[in-house]
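Below is one structure, written out as structure tokens; the observations come after it.
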Amino acid sequence: MEVILFTLILYMNDVPKEWMAFHENESGEWTEMNLAGCLAMRRTLKRQGWHDSEGGRYACERRRVTTRVNWEGRTVIDALGEKI
């Protein structure tokens, strides 16, 4: 299914390598990240030692994505689409 989501993307040499738009909330439920959640996840990564460099960076972007249900029954991004 194609939807528009806020997505946290790891760019390595300006190529998207990893991305996520869903996370486990405080209640243990799998939920969609909004802009605030995406920025909070990015801050958490920075506190854990990640620093943007020439080779890699994290970015929060609003993207058109294709989703699917994985083997655990959770909705995940199957393919990144265009930036909105």
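Counting begins at 1 with the first residue of the sequence.
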Would [X] end up clustered with [Y] when hydrophobic side chains under 4.5 Å apart are linked, directly or stepwise?
| X | Y | answer |
| --- | --- | --- |
| Met33 | Leu45 | yes |
| Leu80 | Val3 | yes |
| Val69 | Met20 | no |
| Trp19 | Trp30 | yes |
| Met1 | Phe22 | yes |

Counting distance only, does the side-chain N/O of Asn13 pair as donor-acceptor with the main-chain N or O of Val15 below 3.5 Å?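 The answer is no, because no donor-acceptor pair under 3.5 Å joins these two groups.
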Using the ring of Tyr11 (Phe, Tyr or Trp, six-membered ring only), decide whether Arg57 places NZ or CZ under 6.0 Å from its centre and within 45 degrees of its axis.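 Pair Arg57/Tyr11 counts as cation-pi.
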For [X] against [Y], the heavy-atom pair lying closest together:
| X | Y | value |
| --- | --- | --- |
| Leu8 | Arg42 | CD1-CB, 4.3 Å |
| His23 | Glu32 | CE1-O, 4.3 Å |
| Phe6 | Ala21 | O-CB, 3.4 Å |

Any chance you could measure Arg62, atom CZ, to Cys38, atom SG, to the nearest 0.5 Å?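 Reported value, rounded in 0.5 Å steps: 12.5 Å.
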From Arg68 atom CZ to Ile77 atom CD1, the distance as rounded to the nearest 0.5 Å: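 That separation rounds to 10.5 Å.
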Single hit among Ile84, Ile9, Ile4 for side chain to side chain contact (heavy atoms under 4.5 Å, CB included) with Arg63: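 Going through the options one by one, the only one that passes is Ile9.
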Can you pull out every ring pair (Phe, Tyr, Trp, His ring centres under 6.0 Å) where at least one residue sits in residues 64-84? Sequence neighbours excluded, please.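 Those involving residues 64-84 do not exist here.
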Decide yes or no on side-chain contact (heavy atoms from CB on, under 4.5 Å) for Thr67 and Leu5, but give the supporting numbers first. CA-CA 10 Å; Thr67 61; Leu5 297 172; 4.3 Å; yes
Between Glu24 and Arg74, is the closest basic N to carboxylate O distance under 4.0 Å?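 Result for this pair is yes, salt bridge flagged.
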